[in-house]
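Some notes on the structure that comes next.
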Amino acid sequence: MSTSITPKMIPAGTVEADQTMPRQQRRALAKPKTSVTGHPVRSGPGRRKSLRVEPFTAVSYVGVTVFGLFALIPLWMIVAGSLTAESTLARSGYSFFPEPFSLDAYVAIFSGTAVFEGYAATLFITFIGTALSLSATASLSWVIARGMPRISRPLTIFAYLPMLFTGGLVPLYLLVTQVLHLQNNWFAVILPHMMAPFLVFVAVSFFRQLPEEILDSARVDGAGELRVFFEIVLPLSKPILAVIGLFYAVSYWNEWFTAMLFISDPDKYPLQLMLQNLIANVTNAATLPGSGSVAPIYQLRLALTVVTIGPILLAYPFAQRYFVKGLTLGATKG
Amino acid sequence: MQESMTAQQGRPTAAEPPSRSAPSAEPQTTRKRRQRSRGSGVLLLLAAPGIAWFLVFAYAPMAGLVVAFKNFDVSQGIFGSPWSGLDNFKYFVESGDAPAIVLNTLVLNILFLAATLGAGLALAIMLNELRARIFKKFMQSAIFFPYFVSPIVISIMLQVILAGAGGHGGAVNDALGLFSLPEVSWYTEPGPWPWILTIVKVWQLGGYMSVIFLAAITAIPEDVYEAAMLDGASRARMALSITLPLLKPTAAILIVLGVGRIFYGDFGTIFAIIGDNGTLFSTTDVIDTYVFRSLRTIGDFGTTAAIGLFQSVVGFILVTAAVLIQRRYSKESSIL
């Protein structure tokens with residue numbers, strides 16, 4: 001969905017924009033874009049002249065709006081519910097408008113320490129996990145993309161096979177508990193997901209597009225392989241590293257199943273597992289905040305949900321385009 | 001850009017020490033090769049953490065699947081436990097659960113795949129029609145967001161929608177009440193659950209799929225549409241006769257990937273939503289949830305590993321078949 005105007009998109013008939021011109025000048029030249037028929041066209045895919053609204057376009061507006069509401073309403077119900085008094089929730093289980101308004105659940109959550117411990121666990125898993133994942137993925141991908149005889153091809157297959165065939169749950173469980181003894185250790189949540197073969201291939205396809213001339217000239221100037229990687233490849237690959245890092249971060253943030261398998265000490269529960277425990281055992285809710293008073297259980301559950309997805313909700317508007325970019329790259333490169 | 005490139009091309013000869021000023025082609029290639037082989041050791045070091053991870057967390061568990069053929073005993077370890085032949089598989093087959101959970105796995109995943117692909121395709125084509133930029137951007141963000149919501153959160157949303165406190169009420173039931181339809185106790189009715197889970201998957205992945213398809217639409221050359229426009233085609237016509245056929249290859253790739261995952265019944269979402277609600281197992285219990293439950297309740301590693309191995313092998317066969325079929329299919333379509 002790039003909006004920048006590339007010379008290719010300028011229809012015949014307009015002044016040819018020269019590659020060497022400064023970007024702004026090129027933009028200015030490209031501005032009076034006209035189609036073959038002389039009508040102004042819009043940029044973006046499928047741009048066509050639109051003098052009247054066709055039925056299909058109207059249907060599209062309606063369809064997209066309906067799906068947009070379908071996507072957002074459940075989220076809204078969670079947020080509204082978390083601000084609604086327990087009395088209403090206990091009757092109907094949901095609310096579209098926070099009436100009567102109540103902050104009881106949030107007060108209860110933040111008066112105890114459990115949520116902060118959960119946040120600490122989730123933040124540890126997310127940050128350490130993403131750092132480890134990103135560095136391991138980037139370096140392995142570069143060695144694959146580097147195209148070395150007798151090394152890169154076997155490595156490609158080596159990283160590709162686990163996408164097709166996995167050992168499954170039992171061997172992994174035995175590995176973590178019997179061999180590595182990582183029970184109740186946050187690394188038991190991080191390590192099994194440290195590398196995603198799919199993201200390795202996203203990185204490889206990006207690295208392959210890096211201009212060979214720059215790398216070669218650095219090598220000729222005497223830069224070693226490590227220096228080329230750290231000082232040229234990585235800085236040039238910031239966009240894709242951001243994409244891959246975000247994908248890893250979200251998956252660590254949302255990870256709960258591995259935590260459920262390997263972490264049994266409630267003090268070490270990450271947020272998602274705390275939340276899962278609240279569903280599995282509603283009575284746990286009363287004891288969660290650590291305060292003696294009766295907690296608003298249903299409201300609490302929704303409030304904890306909001307607390308859990310809060311950071312994703314806040315970061316999403318800024319991070320979204322990176323996800324789209326990463327997916328697009330992954331999709332077009334197969 | 002061009003200037004800097006020529007500068008770089010000029011540099012090698014300038015950097016070359018005078019002793020090597022002999023005909024450039026020969027020595028330069030040998031030198032490059034030498035550099036490459038010298039660097040490869042360092043590069044292997046760079047790849048080492050990744051390789052180590054794959055060995056420990058991807059390949060060692062594959063070897064660990066021998067547990068499926070053993071009478072596993074924790075004290076004797078994986079390789080010390082006595083062999084038991086095919087007993088573990090026999091146990092799974094004789095338990096009588098096999099046909100039901102295999103069928104559930106296939107039915108649910110085919111539903112998921114068809115519904116998410118269909119929704120993604122429809123959404124991408126409709127999004128492509130939108131002209132109001134801000135509206136389009138906003139909607140695209142909104143429909144992509146559910147992809148980032150964790151299964152646990154989805155499960156809570158579903159409870160809010162389907163059942164209120166104490167198992168009755170909930171938004172859907174209240175809506176049914178408006179039309180004076182009877183309340184449904186959703187969490188004790190196994191019948192509608194394949195459809196409920198399908199709707200959940202569409203909610204979760206519809207936007208994600210639409211992003212992929214929209215990227216493919218962007219790659220369609222503009223002049224195809226211009227030609228159609230000159231011929232007086234309507235937008236609906238263009239969507240049906242140009243966009244849709246040209247999205248076939250993308251859909252094929254997604255189907256192949258999806259078929260490869262068909263035996264892995266999206267454990268996270270299903271388990272988070274259904275959990276230990278036994279009344280819903282008849283329509284929602286898939287291989288993954290069955291494996292996990294038997295691991296937790298029976299604690300029999302051998303049997304569960306046997307089911308896991310069965311799952312992996314069938315999954316592998318399915319994805320290989322899908323790739324082969326897709327290859328043949330795309331070859332034929334390229335001839336046409």
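Sequence lines set the chain letters: A, B, ... in the order given, protein chains first and strands last, and positions in each chain run from 1.
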*Under the side-chain contact (heavy atoms from CB on, under 4.5 Å) criterion, do Val313(B) and Phe165(A) qualify, and how do the steps go?*
CA-CA 7 Å; Val313(B) 169; Phe165(A) 194 88; 4.1 Å; yes
Structural part of [X] lying under 4.5 Å from a heavy atom of chain A:
X         : value
Ile307(B) : neither
Tyr208(B) : both
Leu295(B) : side chain
Leu254(B) : neither
Leu55(B)  : both
Ala122(B) : neither
Trp203(B) : both
Val224(B) : neither
Phe292(B) : both

Does any heavy atom of chain B fall under 4.5 Å from the side chain of [X], the backbone, both, or neither of them?
X         : value
Val250(A) : side chain
Ile73(A)  : neither
Thr65(A)  : both
Leu313(A) : both
Trp253(A) : neither
Ala159(A) : both
Phe70(A)  : both
Met77(A)  : side chain

Is the backbone of [Y] close enough, under 3.5 Å, to the side chain of [X] for a donor and an acceptor to pair up by distance?
X         : Y         : result
Asn254(A) : Phe148(B) : yes
Trp53(B)  : Leu191(A) : yes
Ser60(A)  : Glu129(B) : no
Glu54(A)  : Arg235(B) : yes

Shortest non-hydrogen contact between [X] and [Y], atoms and distance:
X         : Y         : value
Met126(B) : Val59(A)  : SD-O, 4.2 Å
Pro162(A) : Met62(B)  : CA-CE, 4.2 Å
Thr166(A) : Ser312(B) : O-OG, 2.7 Å
Phe67(A)  : Gly207(B) : CE2-N, 4.5 Å
Pro146(B) : Ala71(A)  : CG-CB, 3.9 Å
Met157(B) : Pro74(A)  : SD-CB, 3.8 Å

*asked:* Check this for me: Phe138(B), atom CZ, are more than 12 non-hydrogen atoms of other residues, nucleotides or ligands nearer than 6.0 Å?
replied: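 No, the 6.0 Å shell around CZ holds no more than 12 heavy atoms from other groups.
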*Side-chain touch Gln178(A)/Phe301(B), heavy atoms, less than 4.5 angstrom*: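 No, too far: nothing below the 4.5 Å cut-off.
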Which one wins on heavy-atom pair count under 4.5 Å against chain A: [options]?
options                                 : value
Val211(B), Ile143(B), Leu130(B)         : Leu130(B)
Leu318(B), Val291(B), Val202(B)         : Val202(B)
Ser234(B), Pro49(B), Ala58(B)           : Ser234(B)
Ala68(B), Gly302(B), Ala52(B), Ala47(B) : Ala47(B)
Ser141(B), Pro61(B), Gly50(B)           : Ser141(B)

[X] side, atom [atom1]; [Y] side, atom [atom2] - distance, nearest 0.5 Å:
X         : Y         : atom1 : atom2 : value
His193(A) : Phe57(B)  : NE2   : CZ    : 10.0 Å
Leu43(B)  : Ile144(A) : CG    : CD1   : 12.0 Å
Tyr316(A) : Phe145(B) : OH    : CZ    : 7.0 Å
Phe56(A)  : Leu240(B) : CZ    : CG    : 6.5 Å
Leu140(A) : Leu46(B)  : CG    : CG    : 9.0 Å
Leu45(B)  : Glu225(A) : CG    : CD    : 12.5 Å

I'd like to verify something: which residue of [options] has the highest number of heavy-atom pairs under 4.5 Å with chain B?
options                                    : result
Thr137(A), Ile309(A), Leu172(A), Leu75(A)  : Leu75(A)
Phe96(A), Phe257(A), Trp256(A)             : Trp256(A)
Ala138(A), Ser139(A), Ala136(A), Ser135(A) : Ser139(A)

*Using the ring of each side chain (for Trp, its six-membered ring), is Phe247(A) parallel, tilted or perpendicular to Tyr147(B), with breaks at 30° and 60°?*
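Judged by the thresholds at 30° and 60°, the geometry between Phe247(A) and Tyr147(B) is perpendicular.
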*asked:* The test is side-chain contact (heavy atoms from CB on, under 4.5 Å); show your working for Tyr61(A) and Arg131(B) and say whether it passes.
replied: CA-CA 9 Å; Tyr61(A) 272 93; Arg131(B) 285 295 164 270; 4.0 Å; yes
*Go through the steps for Ile156(B) and Arg301(A) under the test side-chain contact (heavy atoms from CB on, under 4.5 Å), then give the verdict.*
CA-CA 8 Å; Ile156(B) 287 183; Arg301(A) 193 158 68 169; 3.8 Å; yes
*asked:* Would Leu161(A) and Tyr59(B) count as a side-chain contact (heavy atoms from CB on, under 4.5 Å) here? Give the steps.
replied: CA-CA 9 Å; Leu161(A) 260 181; Tyr59(B) 287 96; 3.4 Å; yes
